[in-house]
Amino acid sequence: MSEAASDGCFVFDLPHTEAVLALTGGPAGQTLRQLEALTGSSLVIRGLQLVIQGRPSQLERTAATVELLRKFWQEGESISQVDLQSALQALDTGRDREHDAMGQQVLAKNQRGALLRPRTLRQKTYVEAMERNDLTFALGPAGTGKTFLATVLAVRMLTERKVERLVLTRPAVEAGERLGFLPGDLQQKVDPYLRPLYDALHMLLGPEKTAAMLEKGVIEVAPLAYMRGRTLAESFVILDEAQNTTPAQMRMVLTRLGERSRMVVTGDITQVDLPPGQLSGLVEASEVLDGVEGVAVCRLTAADVVRHPLVQRVVEAYARRDKTHPRRDGAPARRSMGRSAPR
């Protein structure tokens with residue numbers, strides 16, 4: 001329970017020490033300091049109480065933010081700067097009910113027992129699009145959870161027996177390096193490019209269960225070139241790093257989809273490693289298919305970055321540069337002007 005203690009002061013009663021740790025952000029109180037900077041109020045922990053002080057408008061906004069994040073700190077989940085900014089934005093735009101629903105939208109638990117859920121409203125929209133549509137495109141910068149959320153939903157659908165297998169693929173396009181210089185056979189050469197997919201599976205299933213499911217073929221991780229000529233039925237297909245597909249490759253993989261299957265295509269159109277002048281298949285497909293029945297196009301932004309806070313600032317800095325200077329390879333990133341999934 002929580003109550004207003006007196007004029008200029010608001011008190012939250014916290015249920016346990018885990019909630020205290022979630023709200024403080026560690027011994028240095030990083031989360032409290034970030035919330036103070038964002039709202040102008042003063043926050044302090046006294047035992048199992050969070051005391052908020054400030055002007056009436058500051059008190060109201062800060063208390064509403066803490067209340068909106070209740071589902072997180074009640075479970076002892078760490079609260080990031082992105083969580084704080086997302087809650088404040090929801091309040092400022094009148095979307096607090098949507099944010100509250102997002103807090104109750106638990107997708108899965110990882111191997112350590114932590115609850116996995118969308119962290120921003122655009123991530124919530126992305127998850128809902130994947131649940132409703134057979135084909136979903138997710139465009140956005142690094143760190144916005146495009147691949148991870150798709151993998152979470154894919155694993156959940158697999159455990160619920162809504163699909164028979166997971167197929168995770170990506171183009172083996174070098175970012176300034178050459179596959180030929182890497183040791184090993186073809187599979188060993190492409191494994192480094194598929195590592196982000198393995199990492200997500202290990203977090204959700206654990207290394208041993210992931211290895212067992214890979215060996216049985218329930219989970220297949222393969223380069224895009226292996227998809228040609230196949231029909232992927234009763235499968236959840238994730239095409240990662242799709243900005244590095246050519247239009248021909250994109251058309252090829254999209255037409256692999258079989259009965260009772262769905263596909264999620266993710267990519268960052270600001271990080272295209274194709275030769276200069278080569279159109280990205282992701283850019284073309286997101287424009288051509290936007291508005292087609294059964295297809296959703298979701299666009300995430302720097303505000304949805306859930307990695308280190310510095311990553312968000314890096315993404316924003318490059319975005320500002322891209323607006324005023326063309327890319328040095330002479331091929332400025334194209335932005336889709338079509339319709340997208342509702343935000």
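The basis for the numbers below is simple: all heavy atoms, side chains too, and nothing from hydrogens, waters or symmetry mates.
- In plain terms, the two heavy atoms of Gly76 and Ala22 that are nearest each other are C-CB, 4.0 Å.
- Here the closest non-hydrogen pair linking Ala142 and Val305 is O-CG2, 3.6 Å.
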Q.
Apply side chain to side chain contact (heavy atoms under 4.5 Å, CB included) to residues Val295 and Leu289 and explain how you reach the verdict.
A. CA-CA 7 Å; Val295 179; Leu289 300 177; 4.1 Å; yes
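- Across all non-hydrogen atoms, the minimal contact from Arg165 to Thr231 is NH2-O, 4.0 Å.
- Put simply, the side chain of His16 gets close to the backbone of Gln74: a donor and an acceptor are under 3.5 Å apart.
- With no hydrogens or angles considered, no side-chain donor-acceptor pair links Asn133 and Thr136 at under 3.5 Å.
- No donor-acceptor pair under 3.5 Å is formed between the side chain of Arg61 and the backbone N or O of Thr39.
- Counting all heavy atoms, side chain and backbone alike, Ala154 lies closest to Ile238 at CB-CD1, 4.2 Å.
- A continuous path of ILVMFWY side-chain contacts below 4.5 Å connects Val66 to Val20, so both sit in one hydrophobic cluster.
- Checked by atom type, the side-chain pair Arg122/Thr301 shows a donor-acceptor distance below 3.5 Å.
- Note: Leu158 CG to Leu166 CG = 4.5 Å, rounded to the nearest 0.5 Å.
- Looking at Ser261, its side chain does come within 3.5 Å of a backbone N or O of Ser235 through a donor-acceptor pair.
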Q: For the pair Leu254 and Arg256, evaluate side chain to side chain contact (heavy atoms under 4.5 Å, CB included) and give the outcome as yes or no after the intermediate values.
A: CA-CA 5 Å; Leu254 292 179; Arg256 301 305 94 201; over 6 Å; no
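- In terms of modelled atom types and a separation under 3.5 Å, the side chain of Asp134 and the main chain of Gly294 share no donor-acceptor contact.
- Atom CE of Met102 and atom CG of Leu68 lie 7.5 Å apart (nearest 0.5 Å).
- Salt-bridge formation is detected for the pair Arg119/Glu77: a Lys NZ or Arg NE/NH1/NH2 atom is positioned less than 4.0 Å from an Asp or Glu carboxylate oxygen.
- The side-chain hydrogen bond (donor to acceptor under 3.5 Å, both in side chains) analysis of residues 200-224, with sequence neighbours excluded, yields the pairs Glu220-Arg230.
- The shortest side-chain heavy-atom distance between Phe12 and Glu67 falls under the 4.5 Å cut-off.
- Cluster annotation: Leu48 is connected to Ile52 through the hydrophobic network of ILVMFWY side chains, with a link wherever side-chain heavy atoms come within less than 4.5 Å.
- Counting only heavy atoms from C-beta outward, the side chains of Gln249 and Leu224 approach each other to under 4.5 Å.
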Q: Decide side chain to side chain donor-acceptor pair (under 3.5 Å) for Glu241 and Gln243; before the verdict, give the C-alpha distance in whole Å, the side-chain angles of both, and the deciding distance to 0.1 Å.
A: CA-CA 5 Å; Glu241 298 290 341; Gln243 75 274 7; 2.6 Å; yes
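- Of the inter-residue distances, the one linking Leu88 atom CG with Asp96 atom CG reads 11.5 Å to the nearest 0.5 angstrom.
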Q. Passes side chain to side chain contact (heavy atoms under 4.5 Å, CB included), Leu214 versus Tyr198? Steps please.
A. CA-CA 10 Å; Leu214 284 165; Tyr198 287 116; 3.7 Å; yes
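- Under the 4.5 Å side-chain criterion, counting only non-hydrogen atoms from C-beta, Met227 is in contact with Met252.
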(Q) side chain to side chain contact (heavy atoms under 4.5 Å, CB included), that's the test. Do Ile79 and Trp73 meet it? Break it down for me. (A) CA-CA 7 Å; Ile79 297 173; Trp73 51 262; 4.0 Å; yes
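- Ionic pairing of Glu131 and Arg156 is present here: one or more N-O contacts between side-chain nitrogen and carboxylate oxygen are shorter than 4.0 angstrom.
- Note that Arg117 lies in the cation-pi zone of Phe72, set by a 6.0 Å cut-off to the ring centre and a 45° limit from the axis.
- When all heavy atoms of Ala150 and Val264 are compared, the closest pair comes out as CB-CG1, 3.9 Å.
- Residues Gln89 and Leu121 form no side-chain contact, since every pair of their non-hydrogen atoms from C-beta on lies 4.5 Å or further apart.
- Here Lys146 does not pair with Asp268 in a salt bridge; the nearest charged N to carboxylate O distance is not below 4.0 Å.
- Put simply, CG on Leu116 and CG on Leu149 are 9.0 Å apart, with the number rounded to the nearest 0.5 Å.
- Heavy-atom neighbours of Glu36 CD from other residues, nucleotides or ligands within 6.0 Å: above the threshold of 12.
- At least one side-chain heavy atom of Val82 sits less than 4.5 Å from a side-chain heavy atom of Thr120.
- By the rule that hydrophobic residues join a cluster once side-chain heavy atoms approach within less than 4.5 Å of another member, Leu115 and Tyr126 end up as members of separate clusters.
- A chain of hydrophobic side-chain contacts below 4.5 Å, direct or via other Ile, Leu, Val, Met, Phe, Trp or Tyr residues, connects Leu197 to Val218.
- Remark: the backbone N or O of Ser42 is not paired with any side-chain donor or acceptor of Gln53 at under 3.5 angstrom.
- Side-chain contact between Val11 and Leu50 is absent, with no heavy-atom pair separated by less than 4.5 Å.
- No more than 12 heavy atoms of other residues, nucleotides or ligands shown are found within 6.0 angstrom of CD on Glu259.
- Rounding to the nearest 0.5 Å places CG of Leu282 at 7.0 Å from CZ of Phe137.
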(Q) Run the side chain to side chain donor-acceptor pair (under 3.5 Å) test on Gln49 and Asp13 for me, step by step, so that the C-alpha distance in whole Å, both residues' side-chain angles and the decisive distance to 0.1 Å come before the verdict. (A) CA-CA 5 Å; Gln49 288 187 325; Asp13 294 321; 2.9 Å; yes
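- Screening Thr65, Leu91, Leu69 for a side chain to side chain contact (heavy atoms under 4.5 Å, CB included) with His99, the sole residue that qualifies is Leu69.
- When all heavy atoms are compared, the tightest approach of Val265 to Leu135 is CG2-CD1, 4.0 Å.
- Salt-bridge check for Lys71 with Glu75: failed, with every basic side-chain N at 4.0 Å or more from each acidic carboxylate O.
- Here the CG-OG1 distance, from Asp240 to Thr169, works out to 9.0 Å after rounding to the nearest 0.5 Å.
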Q: Take Asp83 and Ser80 through the test side chain to side chain donor-acceptor pair (under 3.5 Å) and record every step on the way to the result.
A: CA-CA 5 Å; Asp83 297 323; Ser80 69; 3.2 Å; yes
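- Val106 and Val127 are members of different hydrophobic clusters when ILVMFWY side chains are connected at heavy-atom separations under 4.5 Å.
- Two residues are said to be in side-chain contact when any heavy atoms from C-beta on lie closer than 4.5 Å; Leu205 and Ile219 meet this criterion.
- With a 4.5 Å cut-off on side-chain heavy atoms, Val163 and Glu234 do not count as touching.
- Here the side chain of Thr24 pairs a donor or acceptor atom with the backbone of Leu21 at under 3.5 angstrom.
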